[in-house]
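Here's the structure, in structure tokens; my notes come after.
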Amino acid sequence: MTGAAKTTGTVPVSFRLPRLAAPLYRVVFDQQRTAHGHTLAMWVAELPDSDRRVGVVVSKRVIRDACDRNRAKRLLREAFRLSRHRLKPGVSVILVPRVGIGGKTCREVMRDFERACRRAKIWDKTMDGTG
RNA sequence: AGAGUAAGAAGUGACCGGUCGCUCCUGAUUCGUUUCAGGGGAGGAAAGUCCGGACUCCAUAGGGCAAGAGGCCCGGUUGUUAAAGCCGGGGGGAUGCUGCCACAUCGGCAUCAGCGGAAAGUGCCACAGAAAACGAACCGCCCCGGUCAAACGGCGGUAAGGGUGAAAAGGUGGUGUAAGAGACCACCGGGCGUUUCGCGUAAGCGGCGCCGCAUGGCAAACCCACUCUGGAGCAAGGUCAAAUAGAGGGCCCACGACGCUGCCCGCGUCUUUCCGCUCUGACAAGGGCGGAUUGGGCUCCGGGUAGAUCGCAGAGAUGAAUGACCGGAGCCACAUAUGUGGUGAACAGAAUCCGGCUUACUCACGGCUCUCGUU
RNA sequence: GGAGGGGUGUCUGAGUGGUUUAAAGAACCGGUCUUGAAAACCGGCGUGUCUUACGGGCACCGGGGGUUCGAAUCCCUCCCCCUCCG
């Protein structure tokens with residue numbers, strides 16, 4: 001638990017959350033490399049000219065209320081921000097929340113995101129020892 | 001201090017500090033969209049879109065019709081051309097309970113509202129009932145005719161009684177009568193008038209006078225009178241403005257003609273020129289029709305699409321910003337000097353802005369009731 | 001964000017104040033016909049609740065409230081669905 005807090009501190013101050021450009025969404029979806037957790041679904045692709053970018057898609061059909069949609073979107077962004085340094089360089093992901101994200105905390109979403117990344121084999125295991 | 005209730009009254013607020021992160025603004029800084037510093041950053045409902053306004057464009061001399069909306073009076077508030085809404089007070093009603101033996105009705109209490117007009121007109125009032133509205137006769141009662149007596153009959157009288165209905169033509173008592181009836185009388189109720197009767201700012205109430213007083217309900221049916229309203233909406237609208245196509249102006253090249261020359265090249269000028277058919281005509285020349293050539297490049301102008309930007313804000317985007325973690329107040333539960341655990345909220349997330357209404361809903365303060373203690 | 005239209009049995013759907021018998025069709029069930037089926041014809045057929053049952057009563061037209069003697073219908077409010085506007 002405290003270890004997670006330390007690794008958070010190692011994120012560079014200049015870190016910024018980049019976003020995927022519009023045509024890249026279709027490129028990533030067409031590759032069909034997916035990984036599912038209880039709270040999210042993830043599309044993975046390795047794109048040139050971009051390093052570890054994220055896109056978040058929240059459908060009104062999955063989450064009805066606008067407030068819960070905002071909550072889910074922010075949780076996925078935060079989970080990605082705090083875990084970005086553990087991803088393999090060069091990959092980009094699109095995150096889509098699932099119904100199970102309702103009522104979950106940030107830690108639970110982060111753990112679920114990590115499991116999905118390991119399954120997609122984009123998790124950098126060389127830093128496991130620090131956790 | 002404790003407990004509880006209720007209107008889900010009206011009202012106020014949505015805790016503080018630190019670290020990381022996001023968005024916008026300002027000022028420095030940087031090759032830069034980088035970096036640094038400072039500052040702003042969801043709600044009471046942001047919702048539903050039920051009303052109104054600001055604002056924008058369109059329309060518009062003036063007036064009327066149509067259509068839509070509103071509803072007692074006074075004051076205040078937000079807002080305003082004016083209304084609506086909300087708050088307080090008042091008036092007159094409706095419904096329920098209750099009191100008077102009962103009825104019309106009246107008194108008391110509680111609740112409610114969307115409170116102009118039903119003799120301006122039209123329409124409707126199913127079923128039942130004789131009758132549901134330019135004042136009604138089914139039964140009954142009375143009278144007359146008829147008969148021994150009945151039955152029966154009357155373009156007869158009668159609204160007291162029965163019966164129907166949501167609603168039946170003022171109520172009670174008496175006089176009166178063939179029987180009855182506001183036909184007449186007393187009381188109650190009602191209608192009309194009261195510009196100069198009194199009280200009240202007013203709605204209205206009381207008094208007085210007149211009327212025996214037939215003329216029901218529905219206007220959230222059409223409607224009448226009064227008051228108000230032009231239409232559409234930020235996806236309104238303004239500005240800038242690719243590419244493609246088209247239109248126009250200018251320039252250059254090519255083509256053609258003419259000239260500088262006898263020819264070519266070159267230069268200059270003009271721009272439609274050339275061919276076929278046909279008409280006028282001796283020819284030249286001119287007119288008409290058809291076809292070919294009017295190819296390429298550059299540039300300008302107009303309109304305006306994609307797009308951008310403004311509109312747009314002391315939050316503010318257009319692939320759409322408010323999050324995470326730690327700690328402390330606060331709250332809850334358990335044992336209880338204190339500690340542990342949980343929670344740190346419910347409803348819910350701005351998209352031009354503001355006000356009202358409606359709906360969803362948590363906690364604290366405030367408000368009400370009860371109990372205990374102290375002064 | 002703004003503008004407009006709609007909601008009636010299982011389905012499609014009429015009904016614009018009056019026991020509306022909540023029409024009609026489809027679907028479903030039963031019967032006639034057929035060796036059997038289809039088609040045709042005849043009859044039945046919404047849900048909930050009360051009632052021992054048969055028979056029947058009451059309520060329900062998206063939810064709630066109001067106007068009226070009486071509401072699917074008129075009025076207010078909420079919920080849901082659909083269409084259009086760059």
Side-chain angles (χ1 to χ4, degrees):
Chain A
M1 197 67 69
T2 56
K6 284 179 181 174
T7 54
T8 301
T10 63
V11 174
V13 181
S14 63
F15 170 70
R16 205 188 150 115
L17 192 68
R19 295 198 185 87
L20 292 170
L24 295 179
Y25 274 77
R26 180 154 297 284
V27 173
V28 175
F29 279 128
D30 287 345
Q31 299 219 355
Q32 296 184 350
R33 287 180 57 191
T34 62
H36 297 270
H38 294 100
T39 63
L40 57 90
M42 181 169 64
W43 276 257
V44 183
E46 297 191 10
L47 302 172
D49 304 331
S50 63
D51 181 27
R52 290 178 289 195
R53 294 191 177 209
V54 67
V56 180
V57 176
V58 186
S59 168
K60 199 179 280 189
R61 298 182 60 177
V62 177
I63 302 174
R64 185 171 185 79
D65 294 336
C67 188
D68 298 333
R69 272 204 303 281
N70 272 340
R71 172 76 182 165
K73 182 163 54 185
R74 286 164 182 158
L75 280 176
L76 292 181
R77 278 207 193 119
E78 187 71 9
F80 175 84
R81 184 180 73 87
L82 296 176
S83 306
R84 183 173 182 264
H85 63 286
R86 301 291 303 272
L87 299 181
K88 287 186 175 177
V91 302
S92 294
V93 298
I94 291 177
L95 301 177
V96 175
R98 307 181 69 184
V99 182
I101 201 170
K104 293 295 195 304
T105 65
C106 185
R107 287 209 181 89
E108 291 171 320
V109 175
M110 278 183 67
R111 223 171 283 134
D112 199 45
F113 177 67
E114 178 181 340
R115 277 197 295 271
C117 289
R118 288 183 190 277
R119 211 167 299 140
K121 299 183 178 12
I122 59 174
W123 194 260
D124 192 352
K125 297 176 182 175
T126 60
M127 300 178 69
D128 277 359
T130 63

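Letters go in sequence order (proteins before strands), and every chain restarts at 1. Note: hydrogens, waters and symmetry copies are ignored here, and every other heavy atom, side chains too, is used.
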- Task: Rounded to whole angstrom, note down the C1' distance from G330(B) over to U362(B).
- Result: 15 Å

- Message: Any heavy-atom pair between the side chains of F113(A) and L95(A) that's under 4.5 Å?
- Response: yes

- Query: What is the pairing partner of G262(B), taking Watson-Crick or G-U wobble pairs with both distances under 3.5 Å in any strand?
  - Reply: none

- Task: Report yes if the side chains of R33(A) and E46(A) come closer than 4.5 Å at any heavy-atom pair, otherwise no.
- Result: yes

- Query: How far apart are the closest heavy atoms of C106(A) and E78(A), and which atoms are they?
  - Reply: SG-CG, 3.7 Å

- Note on the structure: Mate of G204(B) across any strand shown (Watson-Crick or G-U wobble, both atom pairs under 3.5 Å) is C199(B)

- Separation between NE2 (H85(A)) and CG (L87(A)), nearest 0.5 Å, reads 9.0 Å

- Query: Paired with U35(B) by Watson-Crick or G-U wobble geometry, both distances under 3.5 Å: which nucleotide is it?
  - Reply: A28(B)

- Task: For V57(A) and for C67(A), find the nucleotide of RNA chain B with the closest heavy atom, then tell me which residue's nucleotide is more 5'.
- Result: V57(A)

- Between L82(A) (CG) and C20(B) (P), how many Å, whole number? 14 Å

- With syn defined as a glycosidic torsion within 90 degrees of 0 and anti otherwise, which applies to G44(B)? syn

- Minimal heavy-atom distance between R77(A) and V56(A), with the atoms involved, is CG-CG2, 4.1 Å

- M110(A) CE to R81(A) CZ distance, which is reported to the nearest 0.5 Å: 9.5 Å

- If the C1' atom of C79(C) is compared with that of G238(B), how far apart are they to the nearest Å? 41 Å

- Item | Inter-nucleotide P distance (A22(C), A59(C)), Å rounded | 11 Å

- Query: Is the base of G182(B) syn or anti, if syn means a glycosidic angle within 90° of 0?
  - Reply: syn

- Task: Kindly indicate whether the side chain of W123(A), heavy atoms from C-beta on, has any atom under 4.5 Å from the side chain of R86(A).
- Result: yes

- Message: Whole angstroms only, please: what is the CZ-C1' distance between R71(A) and U322(B)?
- Response: 12 Å

Atom pairs, protein N/O to nucleotides 42-47 of chain B N/O, distance under 3.5 Å:
| unit_1 | atom_1 | unit_2 | atom_2 | d |
| --- | --- | --- | --- | --- |
| A42(B) | N6 | N70(A) | ND2 | 3.4 |
| A42(B) | N1 | R74(A) | NH2 | 3.3 |

- Taking a pair to mean Watson-Crick or G-U wobble geometry with both distances below 3.5 Å, U352(B) pairs with A54(B)

- Query: Is any side-chain heavy atom of E114(A) less than 4.5 Å from a side-chain heavy atom of S83(A)?
  - Reply: no

- Item | C255(B) - base-pair partner by Watson-Crick or wobble geometry, distances under 3.5 Å | none

- When the P atoms of U20(C) and U12(C) are considered, how many whole Å apart are they? 25 Å

- Message: Checking side chain to side chain contact (heavy atoms under 4.5 Å, CB included) between C117(A) and each of I122(A), V91(A), V44(A), V93(A), which is the one that passes?
- Response: I122(A)

- Message: Can you tell me the base-pairing partner of A315(B)? Count Watson-Crick or G-U wobble geometry only, both distances below 3.5 Å, and say none if there is no partner.
- Response: none

- Item | L75(A) side chain near R71(A) side chain, heavy-atom distance below 4.5 Å | yes

- Quantified in whole Å, what is the C1' atom distance between nucleotide U19(C) and nucleotide A3(C)? 44 Å

- Item | d(CD, E108(A); P, A324(B)) in whole Å | 13 Å

- Same-atom distance (P) from C363(B) to G233(B), integer angstrom: 43 Å

- Note on the structure: note: R81(A), atom CZ; C22(B), atom C1'; distance rounded to Å ~ 9 Å

- Would you kindly give the CD-to-C1' distance between E78(A) and G21(B), to the nearest whole Å? 6 Å

- Whole Å only: how far is the CE atom of M110(A) from the C1' atom of G323(B)? 13 Å

- Message: Nearest whole Å is fine: how far is A321(B) C1' from K73(A) NZ?
- Response: 9 Å

- Is there side-chain contact between K73(A) and R69(A), with heavy atoms separated by less than 4.5 Å? no

- Query: Taking the same atom, P, in U271(B) and in C251(B), what whole-Å distance lies between them?
  - Reply: 10 Å

- Any-strand Watson-Crick or G-U partner of G99(B), both distances under 3.5 Å: C106(B)

- Measure the shortest side-chain to side-chain distance between T39(A) and E108(A) over non-hydrogen atoms and say whether it is less than 4.5 angstrom. no

- Identity of whatever pairs with U369(B) - Watson-Crick or G-U, under 3.5 angstrom: A3(B)

- Taking the same atom, P, in C74(C) and in C58(C), what whole-Å distance lies between them? 25 Å

- Query: So, is A42(B) syn or anti if syn means the angle is within 90° of 0?
  - Reply: syn

- Query: Can you check the R77(A) CZ to C20(B) P distance for me, whole Å?
  - Reply: 21 Å

- Paired stretches of RNA chain C - 3 or more consecutive Watson-Crick or G-U pairs, each distance under 3.5 Å: C:1-7 with C:79-85, C:10-12 with C:24-26, C:28-32 with C:40-44, C:46-50 with C:56-60, C:62-66 with C:74-78

